[in-house]
Amino acid sequence: MSTMIPPLSLKDSYDRVIRDLRISITDRCNFRCFYCMPKEAMEWQPKAEILSYEEILALAEIFVSLGTTKLRVTGGEPMVRRDVESLIARLAKIEGIEDLAMTTNAHFLHNRARGLREAGLQRITISLDSLTPERFALLTGRNELSQVLDGIDAVIEAGLQPVKVNCVVIRGINDDQAVRFAEFAREKGVHVRFIEFMPLDNGKIWRREMVVPGEELRRRIHDIYPLERMKSENLSETARRWRFVDGAPGEIGFINPVTQPFCGHCSRIRLTADGMIRTCLFSTVEHNIKRLLRGGATRDELADFIVAAVEKKEDRHHINDPEFVQPLRTMSCIGG
Ligand code: SAM
Ligand code: SF4
Ligand code: SF4
């Protein structure tokens, strides 16, 4: 019998309401973004360790019954997993979900965006770090910028609005493309969001000097295309949002986890592909819900486990503290 009474909403010990579950469905990827995965052969998790779609659904349903309203499917690259559309279709049917989204490198979207929408996906966030083919190849290890751009067009055509394009900025590598990305936002009517590089890379190449403060990029864009701040009602939103003063379509956002941390309003929790709950991107401990699930735990026991894990959510990251230790798991395993 359950010992805890399920709360109406999941709250951590700092009184933050956890509404946003990110589900990594695979640690594998067809790209090798150098700030995320090394070029050398990766050691993938054995297939038997990866949660099946049935297991993901069972856990997602419990999270939603506890107050989760936003689900994001991510990875690794979620679209390398077979028939992700069938998972989306089943997640979309869970009662209580207000927002169902996916983060992808867009490589497979050119002929699948419409199908994803028909399956019930509401939004897609695309990762794109360069708009020049050579630099794109250098960053991702794949010479496939045009296919990714076709994927973005397909998402726009499929009407999966708003289309968000995430760009991780690294000094000396792609910070010179900020204005070009602003032009891309205006041309396509998409939301470009610049993300500060975080110490979650596999190759341990992160250095503070490589982080380009979002504010520096904003000023550079503002000098050419004046921007005005948009009001946000959603405190847990990670991006500081700006629109073009001249009324051009598109939007620019800055996600500044290093220079302007937003942990105080964090509403996120993560489920890794191999069935661990991670309460923070920078967690050094994980909560093994797969063991319980596969051991035949009841629904109430799984719900209690989730509530207890959320209560232990970290107050913040420690990137800016001298004693900061990079977590062992990297972004591709955690699910960004
Ligand atoms: N493969 C998909 C993609 O790239 O969109 C989904 C998974 S990927 C890990 C999710 C996001 O994490 C991407 O937008 C990626 O750019 C971002 N990311 C990966 N490593 C990062 C790092 N070290 N710092 C900041 N963002 C990172
Ligand atoms: Fe793959 Fe996404 Fe990591 Fe790039 S950022 S290597 S596309 S998981
Ligand atoms: Fe939330 Fe952790 Fe990210 Fe801070 S670092 S916003 S607490 S996930």
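When a ligand or atom number is given, it counts from 1 through the structure's own listing order.
- Nearest protein neighbour of atom 22 (C) of ligand 1, counting heavy atoms only, is Met198 O, 3.7 Å.
- Annotation: cation-pi pair Arg193/Phe254 absent, no NZ/CZ under 6.0 Å from the ring centroid and within 45° of its normal.
- Taking a 6.0 Å sphere around CZ of Arg291, one finds it holds 12 or fewer heavy atoms contributed by other residues, nucleotides or ligands.
- Among Cys36, Gly76, Gly75, the residue whose heavy atom sits closest to atom 5 (S) of ligand 2 is Cys36.
- Only backbone heavy atoms of Thr104 (N, CA, C or O) come within less than 4.0 Å of ligand 1; its side chain stays farther off.
- Of all the heavy atoms in Phe244 and Glu251, the pair that sits closest is CE1-N, 4.3 Å.
- A distance of 10.0 Å separates CZ in Arg123 from CG in Leu160, rounded to the nearest 0.5 Å.
- For ligand 1, the atoms lying closer than 4.0 Å to a non-hydrogen atom of Asn105 are 2 (C), 3 (C), 5 (O).
- Here Cys266 fails the criterion, with no N, O or S atom under 2.8 Å of atom 4 (Fe) of ligand 3.
- Between His318 and Phe282, the ring center distance fails the sub-6.0 Å criterion.
- Of all atoms in ligand 3, numbered sequentially from 1 with element shown, those under 4.0 Å from a heavy atom of Leu281 are 2 (Fe), 8 (S).
- Taking every non-hydrogen atom of Phe282 and a distance limit under 4.0 Å, the qualifying atoms of ligand 3 come out as 5 (S).
- Taking every heavy atom of Arg268 and a limit of under 4.0 angstrom, the matching atoms of ligand 3 come to 6 (S).
- With respect to Lys47 and Asp274, no salt bridge is recorded, no charged nitrogen being found less than 4.0 Å from a carboxylate O.
- Rounding to the nearest 0.5 Å places CD of Gln122 at 8.5 Å from CD1 of Ile97.
- In terms of protein heavy-atom proximity, atom 26 (N) of ligand 1 is closest to Val168 CG2, 3.5 Å.
- When hydrogens are left out, the protein atom nearest atom 4 (O) of ligand 1 is Ser127 OG, 3.3 Å; that is the closest non-hydrogen contact.
- At a threshold of 4.0 Å, the pair Lys11-Asp15 counts as salt-bridged, since one of the basic side-chain nitrogens sits closer than that to a carboxylate oxygen.
- Side chain to side chain, Glu77 and Thr26 fail the donor-acceptor criterion of an N or O pair below 3.5 Å.
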Practice problem: For Arg72 and Met102, run side-chain contact (heavy atoms from CB on, under 4.5 Å): C-alpha distance rounded to whole Å, both residues' side-chain angles, the deciding distance at 0.1 Å, then the answer. | Solution: CA-CA 5 Å; Arg72 175 172 296 274; Met102 181 193 277; 5.8 Å; no

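- With 3.5 Å as the limit, one finds no donor-acceptor pair spanning the side chains of Asp129 and Asn166.
- Here is the list of ligand 1 atoms found below 4.0 Å of a heavy atom in Gly76: 1 (N), 2 (C), 6 (C), 7 (C).
- Here is the list of ligand 3 atoms found below 4.0 Å of a heavy atom in Phe262: 6 (S).
- Under a 4.0 Å criterion applied to the non-hydrogen atoms of Glu196, ligand 1 contributes the atoms 25 (C).
- Inclusion of Cys29 in the first shell of atom 3 (Fe) of ligand 2 is not supported: no N, O or S atom falls under 2.8 Å.
- In this structure, atom 10 (C) of ligand 1 lies nearest to the protein heavy atom Gly336 CA, 3.8 Å.
- The contact set between ligand 3 and Lys313, taken as ligand atoms under 4.0 Å from a residue heavy atom, comprises 1 (Fe), 7 (S).
- Less than 4.0 angstrom separates some heavy atom of Asn105 from each of these atoms of ligand 2: 7 (S).
- Checking Glu77, Arg72, His107 against atom 2 (C) of ligand 1, the nearest heavy atom belongs to Glu77.
- Side-chain atoms of Arg299 and Ser65 form a donor-acceptor pair, as typed in the model, at a separation below 3.5 Å.
- Of the N or O atoms in Tyr35, one or more lie within a sub-3.5 Å distance of an N or O in ligand 1.
- For atom 19 (C) of ligand 1, the closest non-hydrogen atom of the protein is Met331 CG, 3.2 Å.
- A donor atom on one side chain and an acceptor atom on the other are not found under 3.5 Å apart for Asn105 and Arg142.
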Exercise. Give the intermediate values and the outcome of side-chain contact (heavy atoms from CB on, under 4.5 Å) for residues His265 and Glu237.
Key: CA-CA 8 Å; His265 297 293; Glu237 196 163 48; over 6 Å; no

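- Checked by distance only, ligand 1 and Cys29 stay at 3.5 Å or farther apart across all their nitrogen or oxygen atoms.
- Shown in contact with Phe197 at under 4.0 Å from a heavy atom are these atoms of ligand 1, numbered in order with element: 22 (C), 23 (N), 24 (N).
- Numbered from 1 in the order shown, with element, the atoms of ligand 3 that lie under 4.0 Å from a heavy atom of Cys263 read 4 (Fe), 5 (S), 6 (S), 7 (S).
- When each atom of ligand 1 is checked for a heavy atom of Gly75 under 4.0 Å away, the hits are 7 (C), 9 (C).
- In this structure, Arg114 does not pair ionically with Glu118, as no charged nitrogen and carboxylate oxygen lie closer than 4.0 Å.
- Among Ile124, Val73, Val80, the one residue that satisfies the side chain to side chain contact (heavy atoms under 4.5 Å, CB included) test with Thr104 is Ile124.
- The closest protein non-hydrogen atom to atom 2 (Fe) of ligand 3 is Cys280 SG, 2.3 Å.
- At a 4.0 Å heavy-atom cut-off, ligand 1 touches Thr74 through the side chain alone.
- Proximity to Cys33 (heavy-atom distance under 4.0 Å) selects the following atoms of ligand 2: 4 (Fe), 5 (S), 6 (S), 7 (S).
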